[in-house]
Asks: 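Before we start, here is the structure in question, set down as structure tokens.
Basis for what follows: all heavy atoms, side chains included, without hydrogens, waters or symmetry-related copies. Start at 1 with the first residue, then count along the sequence.
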Amino acid sequence: MKIILFLFCICLVAQLQAQHTKDSLNQQKEVLLISPGRSSIQDTSKRKVLRDSIFQQKESNVSELFIIGKKAYKKGKNDSTSYYSSFKGHWSGFYYGFINYARLPEAWEKLELDWNHSFAMHFNFCKYNINLSKHNNFGLVSGIGIEYQRLRFNNDNISLLKSEGKLEIIHPLQEYPKINKIKRSTFKNLYLTIPLLMEVQFPANSSKKMYVSGGIMGGLRIHSKTKIVYEDDNDNKHKKKNKGSFNMGPFKADAIARIGYRKINIWGSYTLTNTFKNKDLHLYTAGLGLTF
């Protein structure tokens with residue numbers, strides 16, 4: 001929805017000059033209503049004012065008239081190209097990236113990930129823009145999205161379990177006698193995400209803009225589970241799933257940065273909060289995105 005703001009210019013025409021005649025005493029303050037698509041109410045001044053419409057501008061002592069919001073005037077232009085395009089931040093779309101631990105303490109080295117098969121996918125479906133510049137190329141971006149994480153352990157013969165309020169690493173081959181061979185072991189999470197990003201776009205007068213953005217993305221964990229794909233003694237394939245909290249915090253916060261051109265971008269994130277409670281484990285992600 002377009003936001004239209006009316007700009008009132010109050011021009012003071014009473015000027016005290018020693019050389020003026022009695023006519024100068026009759027000068028009065030005048031109020032001019034300057035609005036796109038509407039003529040000024042009256043013009044009793046000797047000055048030239050902006051009037052008629054945005055397509056019929058005349059010379060004026062007003063150097064630049066701008067509207068904070070969806071549109072703004074370019075200085076020195078007087079036709080339909082005199083607008084900066086609306087500020088549209090980049091958030092909605094699909095993002096894919098590879099995920100890994102930034103640092104893995106020796107006590108938890110068994111949780112080492114298979115980086116080639118550990119990934120995060122973002123499905124962002126709602127966006128809200130707040131313009132902060134008269135050129136409409138700088139502002140805040142927020143919205144709502146879904147983040148899906150799949151962490152595959154490098155060692156297939158491990159999995160996670162919460163026991164007595166603590167996170168434990170288990171060995172499925174020892175825990176479950178029906179398992180003959182493990183094909184893969186994964187840990188999956190699903191988050192509802194809300195970002196707050198600052199974005200700058202350049203050049204401001206081009207519709208084909210590059211952009212850089214950065215900020216914080218909060219996440220609410222809504223689902224977690226482990227999954228083991230294994231074979232039994234008869235080489236039949238099975239799946240074993242275990243749902244739970246796995247001693248994870250209900251919320252997370254990521255520092256996120258992006259650089260892109262039009263609909264394509266490169267992005268990265270770093271989880272500021274611990275992945276598991278009381279465990280100094282932080283994830284980072286790097287990948288590509290496609291905005292809508």
Side-chain angles (χ1 to χ4, degrees), residues 89-128 130 138-154 160 167 169 186-201 210-226 245-261 263-291:
H90 297 79
W91 167 254
S92 301
F94 173 73
Y95 299 80
Y96 182 94
F98 294 101
I99 191 169
N100 207 338
Y101 292 111
R103 185 182 68 87
L104 195 60
E106 184 177 354
W108 296 93
E109 60 183 5
K110 291 181 180 180
L111 294 180
E112 182 180 1
L113 299 179
D114 182 352
W115 190 77
N116 292 328
H117 296 92
S118 299
F119 57 85
M121 294 189 295
H122 293 207
F123 303 90
N124 303 331
F125 51 85
C126 180
K127 179 180 66 173
Y128 182 72
I130 302 176
F138 175 70
L140 296 176
V141 184
S142 187
I144 299 176
I146 295 292
E147 178 183 3
Y148 169 77
Q149 296 178 347
R150 193 192 83 156
L151 311 179
R152 179 172 176 177
F153 300 114
N154 199 36
L160 298 177
L167 180 68
I169 299 176
T186 57
F187 178 55
K188 301 179 180 182
N189 297 302
L190 190 65
Y191 289 91
L192 178 69
T193 59
I194 299 177
L196 182 60
L197 306 176
M198 297 189 71
E199 180 174 313
V200 59
Q201 303 170 355
M210 293 190 66
Y211 62 92
V212 176
S213 67
I216 298 295
M217 182 180 71
L220 171 65
R221 187 177 58 82
I222 56 180
H223 182 71
S224 295
K225 71 177 180 181
T226 59
S245 64
F246 300 96
N247 207 35
M248 300 183 69
F251 303 100
K252 71 163 185 167
D254 293 355
I256 188 167
R258 297 174 178 176
I259 180 171
Y261 175 71
K263 295 184 177 182
I264 304 296
N265 65 73
I266 300 173
W267 67 279
S269 67
Y270 176 82
T271 304
L272 302 173
T273 53
N274 291 332
T275 304
F276 302 98
K277 294 179 180 179
N278 303 321
K279 301 292 185 297
D280 189 21
L281 295 174
H282 301 268
L283 295 169
Y284 74 92
T285 312
L288 297 174
L290 177 64
T291 59

Asks: Check whether any side-chain heavy atom of Leu220 lies under 4.5 Å from a side-chain heavy atom of Phe251, and answer yes or no.
Replies: yes

Asks: Rounded to the nearest 0.5 Å, what's the gap from CE on Met248 to CZ on Arg221? Could you check?
Replies: 5.5 Å

Asks: Let me see the working for Asn274 and His282 under side chain to side chain donor-acceptor pair (under 3.5 Å), right down to the final yes or no.
Replies: CA-CA 6 Å; Asn274 291 332; His282 301 268; 3.2 Å; yes

Asks: Kindly write out the residues that satisfy side-chain contact (heavy atoms from CB on, under 4.5 Å) with Leu190, not counting sequence neighbours, or none if the list is empty.
Replies: Ile146, Tyr148, Ile222, His223

Asks: To the nearest 0.5 Å, what is the distance between CG (Leu283) and OG1 (Thr275)?
Replies: 3.5 Å

Asks: Considering only NZ, NE, NH1 and NH2 on the basic side and carboxylate oxygens on the acidic side, decide whether Arg152 and Glu112 come within less than 4.0 Å.
Replies: no

Asks: Return yes when atom OH of Tyr96 has more than 12 non-hydrogen atoms of other residues, nucleotides or ligands closer than 6.0 Å, and no otherwise.
Replies: yes

Asks: Can I get a per-line list of side-chain donor-acceptor pairs under 3.5 Å for residues 97-109, giving both atom names and the distance, sequence neighbours left out?
Replies:
{"unit_1": "Arg103", "atom_1": "NH2", "unit_2": "Asp280", "atom_2": "OD2", "d": "2.6"}

Asks: Looking at Tyr95, I'd like to know if the NZ or CZ of Arg258 sits under 6.0 Å from its six-membered ring centre while staying within 45 degrees of the ring's axis.
Replies: yes

Asks: Can you find a pair of side-chain heavy atoms, one from Ile169 and one from Leu160, that are under 4.5 Å apart?
Replies: yes

Asks: Measure from the ring center of Phe246 to the ring center of Phe276 and say whether it is less than 6.0 Å.
Replies: no

Asks: Can Phe94 and His122 be said to form a ring-ring contact (aromatic ring centres under 6.0 Å, His included), step by step?
Replies: CA-CA 6 Å; Phe94 173 73; His122 293 207; 9.1 Å; no

Asks: Would you say the side chain of His90 lies within less than 4.5 Å of the side chain of Val141, judging by non-hydrogen atoms?
Replies: no

Asks: Please test Ile259 against Asn265 for side-chain contact (heavy atoms from CB on, under 4.5 Å), starting from the C-alpha separation and ending with a verdict.
Replies: CA-CA 6 Å; Ile259 180 171; Asn265 65 73; over 6 Å; no

Asks: Compare all side-chain heavy atoms of Lys188 with those of Gln149 and state whether any distance is below 4.5 angstrom.
Replies: no

Asks: Considering only heavy atoms from C-beta outward, does the side chain of Ile216 approach that of Ile256 to under 4.5 Å?
Replies: no

Asks: Do side-chain atoms of Lys225 reach the backbone of Asn189 as a donor and acceptor pair under 3.5 angstrom?
Replies: no

Asks: Treating Thr193 as the side-chain partner and Gly145 as the backbone partner, does any N or O pair qualify as donor plus acceptor under 3.5 Å?
Replies: yes

Asks: For residues Trp91 and Leu197, determine if any side-chain heavy atom of one lies less than 4.5 Å from a side-chain heavy atom of the other.
Replies: yes

Asks: Between Asn124 and Ser92, do the side chains contain an N or O donor and an N or O acceptor separated by less than 3.5 Å?
Replies: no

Asks: Quick one: does any side-chain atom of Ser224 pair with a main-chain N or O of Ser245 as donor and acceptor, under 3.5 Å?
Replies: no

Asks: Given side-chain contact (heavy atoms from CB on, under 4.5 Å), test Val200 with Met198 step by step and report yes or no.
Replies: CA-CA 7 Å; Val200 59; Met198 297 189 71; over 6 Å; no

Asks: Side chains of Leu192 and Ile144: does their closest heavy-atom pair fall under 4.5 Å?
Replies: yes

Asks: Can you tell me if Trp267 uses its side chain to pair, donor with acceptor, with the backbone of Ala257 under 3.5 Å?
Replies: no

Asks: Return the orientation label for the Phe153 and Phe187 ring planes: parallel under 30°, perpendicular over 60°, tilted otherwise.
Replies: parallel

Asks: So Met217 and Glu147, do their side chains get closer than 4.5 Å, heavy atoms only?
Replies: yes

